Amino acid sequence: MDVAQGFEGLVDEVQKSFGEDIVALRRDIHREPELGFDTKKTAEKILAALEGLPLEIETGVAENGIVATLKGGGEGPTIALRADMDALPIHEETGLPFASGTDGKMHACGHDGHTSMLVGAAKTLSQGPLRERLNGTVKFVFQPAEEGGGGGRVMVEEGVAEGIDQIFALHLWPGLAFGTAATKAGPIMAAADKFEMEIKGTGGHGAMPHLSADAVVIAAHVATALQTIVSREVDPVQPAVLTIGEIGAGTAFNIIPETARMGGTVRTIDDDLRHRLPERMEELAKGVARAMRADAELDYTFSYPVTRNDPESAALALKVAGSLFGEDRAVELAHPSMGGEDFAFFLQKLPGAYIWLGVGDVSGLHTPQFAFDEDILPQGAALLTAIALEALSD
Ligand code: NI
């Protein structure tokens, strides 16, 4: 590695020195996807890849997470780079030679890529000349359970954020031009909350509806009524989403079921709105259900908060991406995504930034066909490397 100053040649150097290792690790992780906190084999693969590097390694963080610490050549602050490790309960349909070997589990959100890019950054920054340039410490944080388990929250509860001054994370992003980094000051991902609703009617014979309170028909009315919350009660310039993703009732064609249940998610950016919506959902559902001789019960969970970037961290990331990739490949986003992200828990404690890295026009995240051009991986590793160098340059 002969990148003495600046970032010129960094992408090529990472590609040349570690490109093959990064891709091999990504494929290895992709082949054996693990869910939630249960990322033991993934952690073993990461540890094997980090072996021999001058890192202080802590394992068993948030069950199967890893924090690896690199001390730089000079004194200074501590920054962290975080990657998520977990896969999704999806059956892979990419047809790739290194496709998932486990039915019903797949790296469909690119976390295999995030993890291998972070290992690539650790390898790169551990090289003598680059390590010497770091005035401070870099922590490489490998986090399980991003997909719903709140591994980020557990890591923060276990004290991972303590002693860190600034934190960054990348996410591969379909729909964004290949090799383009994008971020923004303030909210970049929405608060992602979830709910379950039960409609409690009265069951009966399919031929005698007058003797029952049909949970199916009432659930249909409640589902429709709930759609008026965002359309009629939320300021139209305020982002909000209410999606019912599950609905179910009944056991046979000729029985009116007593109960129906639905499950869904609510996405918001504004905190007041976030906390106001559950009450309105409950009032509306109960009102509709009671008007139809039934009742409704709402079970609401505040899950991931808004992922809110620190303006200075976001500016640093864009500046670094601009000089690394070229100005046209560093984009300031106009709007957040309504997707959720548990990196939010770190950003509640620390200044930092969440950055999207474009993989172009490919099948979306969380789809069975999600796949990306692996040329992005050394580029992402170089971006993480350059962010650390820049943040610890003084
Ligand atoms: Ni993801």
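Bear in mind the structure is a predicted one, so any value in this text is a computation, not a measurement. All ligand and atom numbering here is 1-based and tracks the order in the structure. Throughout, residue positions are numbered sequentially from 1 according to the sequence presented.
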>> Taking salt bridge (charged side-chain N to carboxylate O under 4.0 Å, His left out) as the criterion, tell me which of R27, R26, K41 meets it with E32.
In response: K41
> How far apart are the C-alpha atoms of R232 and Q227, what are their side-chain angles, what is the distance that settles it, and do they pass the side-chain hydrogen bond (donor to acceptor under 3.5 Å, both in side chains) test?
Replying inline: CA-CA 9 Å; R232 303 289 82 186; Q227 290 309 313; over 6 Å; no
> Under the side-chain hydrogen bond (donor to acceptor under 3.5 Å, both in side chains) criterion, do D342 and Q143 qualify, and how do the steps go?
Replying inline: CA-CA 10 Å; D342 80 347; Q143 180 217 299; 2.9 Å; yes
> So, do F345 and F343 have ring centers that fall under 6.0 Å from each other?
Replying inline: no
>> Using the side-chain contact (heavy atoms from CB on, under 4.5 Å) definition, which of the options P336, P187, P351 pairs with R308?
In response: P187
>> In terms of relative ring orientation, are W356 and W173 parallel, tilted or perpendicular, with 30° and 60° separating the classes?
In response: parallel
> By residue and atom, what protein N/O/S atoms are less than 2.8 Å from the Ni ion (ligand 1)?
Replying inline: C109 SG, H111 NE2, H171 NE2
